[in-house]
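Worth knowing before you read on, the calculation uses all heavy atoms, side chains too, and leaves out hydrogens, waters and symmetry mates.
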Amino acid sequence: MSRKCVVCGKGQASGNNVSHSNRHTRRKWNANIQPVKVNEGGNMKRIKVCTKCLRAGKVTKAI
């Protein structure tokens, strides 16, 4: 199950944890993805959307 926004394609980002002693270990940042019921052409569909797209109104939630 992918953690990727259907609208903008935002997904998981990776990088390093850097400690005080400057040791580097790998880590990841997950995008804030929410499952949302959406109306698409009269059909209800459940898609995964990031909260930035939800707040911007890029999807219309089903009632």
Side-chain angles (χ1 to χ4, degrees):
M1 184 118 359
S2 68
R3 294 188 55 86
K4 188 165 273 200
C5 177
V6 175
V7 179
C8 67
K10 181 187 284 187
Q12 195 177 71
S14 61
N16 288 314
N17 273 332
V18 182
S19 71
H20 184 67
S21 63
N22 208 30
R23 290 176 63 97
H24 289 61
T25 55
R26 297 300 285 176
R27 67 157 293 180
K28 57 190 173 187
W29 288 267
N30 288 323
N32 192 357
I33 305 294
Q34 303 296 322
V36 176
K37 285 183 184 173
V38 175
N39 249 337
E40 282 189 1
N43 298 329
M44 284 233 289
K45 191 177 181 183
R46 187 179 290 271
I47 60 172
K48 293 182 179 177
V49 182
C50 70
T51 52
K52 195 170 182 178
C53 291
L54 279 174
R55 288 172 60 198
K58 294 184 179 179
V59 293
T60 53
K61 290 173 74 170
I63 296 172

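- For the pair Thr60 and Val38, the tightest heavy-atom approach, listed with the atom from each and the gap, is O-CG1, 3.5 Å.
- Nearest heavy atoms, Gln34 versus Asn32: NE2-OD1, 2.7 Å.
- Summarising the geometry of Lys4 relative to Ile33, their closest heavy-atom pair is C-CD1, 4.0 Å, with the distance given to 0.1 Å.
- In this structure, Arg26 and Asn16 have side chains that are in contact, with non-hydrogen atoms separated by less than 4.5 Å.
- We find the SG-NZ distance between Cys5 and Lys10 to be 8.0 Å, quoted to the nearest 0.5 Å.
- Nearest heavy-atom pair across Arg46 and Pro35 is NH1-CB, 4.1 Å.
- Summarising the geometry, atom NZ belonging to Lys28 is positioned 5.0 Å from atom CD belonging to Gln12; distances are rounded to the nearest 0.5 Å.
- Nearest approach of Ala62 to Met44, heavy atoms of both residues: CB-SD, 3.3 Å.
- Across all non-hydrogen atoms, the minimal contact from Cys50 to Cys8 is SG-SG, 3.7 Å.
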